[in-house]
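All chains are named by letter (A, B, ...) in the order of the sequence lines, taking the proteins before the strands, and each is independently numbered beginning at 1.
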Protein chains: 2
Amino acid sequence: MRPKKGARKAYHHGDLAQALLDAAERLLDEGGVGAVTVRAVAREAGVAHSAPANHFKDRAALLAALATRIFQELTTEVVTALGISSSSPRARLHAIADVIVQYALRHPHRYRLLWRGENFAADKSSAEIAGTVLYDAVKEILGGAGTETSIDSQVIAAWSLIHGYVSLRLEGTLVDGSDEVSGKSRAAAIVDVLIDGVGRSRC
Amino acid sequence: MRPKKGARKAYHHGDLAQALLDAAERLLDEGGVGAVTVRAVAREAGVAHSAPANHFKDRAALLAALATRIFQELTTEVVTALGISSSSPRARLHAIADVIVQYALRHPHRYRLLWRGENFAADKSSAEIAGTVLYDAVKEILGGAGTETSIDSQVIAAWSLIHGYVSLRLEGTLVDGSDEVSGKSRAAAIVDVLIDGVGRSRC
DNA sequence: CTCCAATATGGACAGTGTCCATATTCTCTA
DNA sequence: TAGAGAATATGGACACTGTCCATATTGGAG
């Protein structure tokens with residue numbers, strides 16, 4: 001039977017699933033996804049090497065669950081920031097970009113984990129839900145003007161821009177060493193480029 | 001001693017290093033980076049499991065070499081496309097985006113390999129060189145107008161946009177199923193968004 | 001022709017994911 | 001309240017992996 005209510009100190013260990021995810025997150029932060037090994041997670045949680053199998057059928061399933069949890073944390077941070085931010089579309093886009101860039105730089109391994117599609121081969125559902133939340137957030141910011149398709153393109157462009165920038169930063173591909181450019185962060189600068197357009201800002 | 005000239009049928013096997021990279025690329029295309037195992041590569045190439053050690057000290061080194069080779073292939077395709085493309089900045093940006101998106105969709109595992117920083121822990125050099133080539137290509141397209149920093153932001157924005165879009169497509173995150181939008185590809189559409197700006201196209 | 005370094009081989013070891021039979025413990029029901 | 005069955009945890013096993021090692025082979029420089 002599954003725990004029906006509180007589920008604290010339930011069964012033998014007491015929510016081992018949660019404890020395993022905690023352990024996995026610790027290992028992830030320290031050594032990257034490669035360090036998140038079924039056996040290492042079990043060791044970290046102080047259980048037998050085969051105990052995780054009762055809660056996650058696979059290493060992939062474990063990583064998927066971890067990614068889902070992280071995705072929700074990130075989504076929450078974004079939503080919170082949007083709650084505080086002013087109502088200007090530019091400010092709101094800056095807020096989103098800022099939260100995501102900061103989170104990714106603070107927890108690089110976590111952010112990387114989010115975008116390994118392999119992890120979601122099992123249950124795309126929860127990741128897709130979180131993704132939809134973020135997508136809709138930007139769509140709302142960009143408002144109702146323009147045709148439906150043009151808005152979709154704008155939303156996709158915004159997400160591509162932010163995610164791409166973070167990826168390049170994390171992988172160290174960006175030769176650009178300066179985070180600051182004329183008083184604002186590089187992230188803010190490229191968001192402005194997207195809003196104002198390359199063509200316009202060059203004239 | 002190292003082969004000095006032609007290096008064909010050299011030594012015991014005859015450029016085993018190259019054969020190993022061929023085998024690795026085959027395995028990569030079929031089963032993703034996880035399938036590129038030192039032993040599997042050796043099997044595929046028909047040599048002992050420890051033979052690769054003579055040419056690549058690590059699995060990481062093997063992957064790095066493979067990534068470098070793929071990076072050069074992609075770079076070449078981009079440069080070629082730019083040679084054919086018209087001189088309009090918009091057309092040239094479209095050309096770059098198109099080549100990269102098409103390449104990534106055709107060889108998803110190869111594209112993914114390029115952006116795993118782990119692979120370059122050993123020799124960042126060659127990957128950085130290839131990255132610089134692409135970076136400079138966009139920088140040249142965007143021309144000499146504007147301040148230095150604002151140009152850098154524009155180039156970074158362009159690369160972030162393209163790379164981010166490809167990543168989202170590859171990971172299946174984009175709920176967007178339609179590649180085509182009002183006669184042009186989605187990739188072209190978001191490049192146009194970047195050029196014209198979100199603000200402008202909404203007025 | 002001889003020798004040496006580059007190259008290839010096979011064995012070994014620790015670590016991994018996953019399956020299995022077994023042991024323990026919780027919860028619901030009879 | 002007693003027991004039964006399901007959920008949970010354990011330890012062993014297997015095949016696979018990366019990497020090291022001692023050994024064998026080979027090609028070219030001297």
Side-chain angles (χ1 to χ4, degrees), chain A residues 1-24 27-28 30-67 113 116 118-119 121-122, chain B residues 1-24 27-28 30-67 113 116 118-119 121-122:
Chain A
M1 294 272 174
R2 310 223 182 85
K4 278 179 182 172
K5 20 183 188 174
R8 60 172 61 183
K9 269 295 169 193
Y11 292 102
H12 305 180
H13 173 282
D15 238 346
L16 177 57
Q18 211 57 32
L20 289 173
L21 288 180
D22 291 341
L27 292 170
L28 175 69
E30 287 169 13
V33 67
V36 183
T37 233
V38 174
R39 294 172 106 107
V41 169
R43 270 195 300 272
E44 180 83 7
V47 293
H49 69 268
S50 57
N54 290 311
H55 303 271
F56 308 99
K57 91 174 212 297
D58 261 336
R59 182 178 112 110
L62 203 174
L63 289 177
L66 181 57
L113 176 68
R116 317 218 134 165
E118 314 111 64
N119 306 328
Chain B
M1 294 276 172
R2 309 223 184 83
K4 278 181 182 172
K5 23 184 187 174
R8 58 173 63 184
K9 270 296 170 191
Y11 291 101
H12 304 179
H13 174 282
D15 237 347
L16 178 57
Q18 210 58 32
L20 289 172
L21 287 180
D22 292 341
L27 292 170
L28 175 68
E30 287 170 13
V33 67
V36 183
T37 232
V38 174
R39 293 172 105 107
V41 168
R43 270 194 299 271
E44 179 84 6
V47 293
H49 70 268
S50 58
N54 290 311
H55 302 272
F56 308 100
K57 92 174 212 297
D58 261 336
R59 182 178 112 109
L62 203 175
L63 289 177
L66 182 56
L113 176 68
R116 316 218 136 166
E118 314 111 65
N119 306 328

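You won't find any donor-acceptor pair under 3.5 Å spanning the side chain of B/Asn54 and the base of C/dA6, going by distance alone. Side-chain to base pairing of B/Arg39 with D/dG18: one donor and one acceptor N or O lie within less than 3.5 Å of each other. At a cut-off of 3.5 angstrom, counting only N and O atoms as typed in the model, there is a donor on one side and an acceptor on the other between the side-chain of B/His49 and the base of C/dG11.
Applying the 4.0 Å criterion to OP1 and OP2 of D/dT19, one finds that B/Ser50 has every side-chain N and O outside that range. For A/Thr37 and C/dG17, the shortest distance from a side-chain N or O to OP1 or OP2 is below 4.0 Å. Using a 4.0 Å cut-off, no side-chain N or O of A/His55 falls inside it from OP1 or OP2 of D/dA7. Here A/Arg43 reaches the OP1 or OP2 of C/dT16: one of its side-chain N or O atoms lies under 4.0 Å away.
The separation between B/Leu20 atom CG and D/dG18 atom P is 13 Å, rounded to whole Å. When rounded to the nearest whole Å, the span between CG of A/Leu62 and C1' of C/dG17 equals 12 Å. Distance A/Gln18 CD to D/dT8 P: 14 Å, rounded to the nearest Å. In this structure, the NZ atom of B/Lys57 is 17 Å from the P atom of C/dT7, given to the nearest Å. The distance between atom CZ of B/Arg59 and atom C1' of D/dC16, rounded to the nearest whole Å, is 13 Å. Between the CZ atom of B/Phe56 and the P atom of C/dT7 there is a distance of 12 Å, rounded to whole Å.
Taking CG of B/Asp15 as the start and NE2 of B/His55 as the end, the distance is 8.5 Å to the nearest 0.5 Å.
Distance from the side chain of B/Ala51 is smallest for C/dT9 among the nucleotides C/dT9, C/dT16, D/dA9. With distances taken from any side-chain atom of B/Ala48 to the nucleotides C/dT9, D/dT19, C/dG17, the minimum falls on C/dT9.
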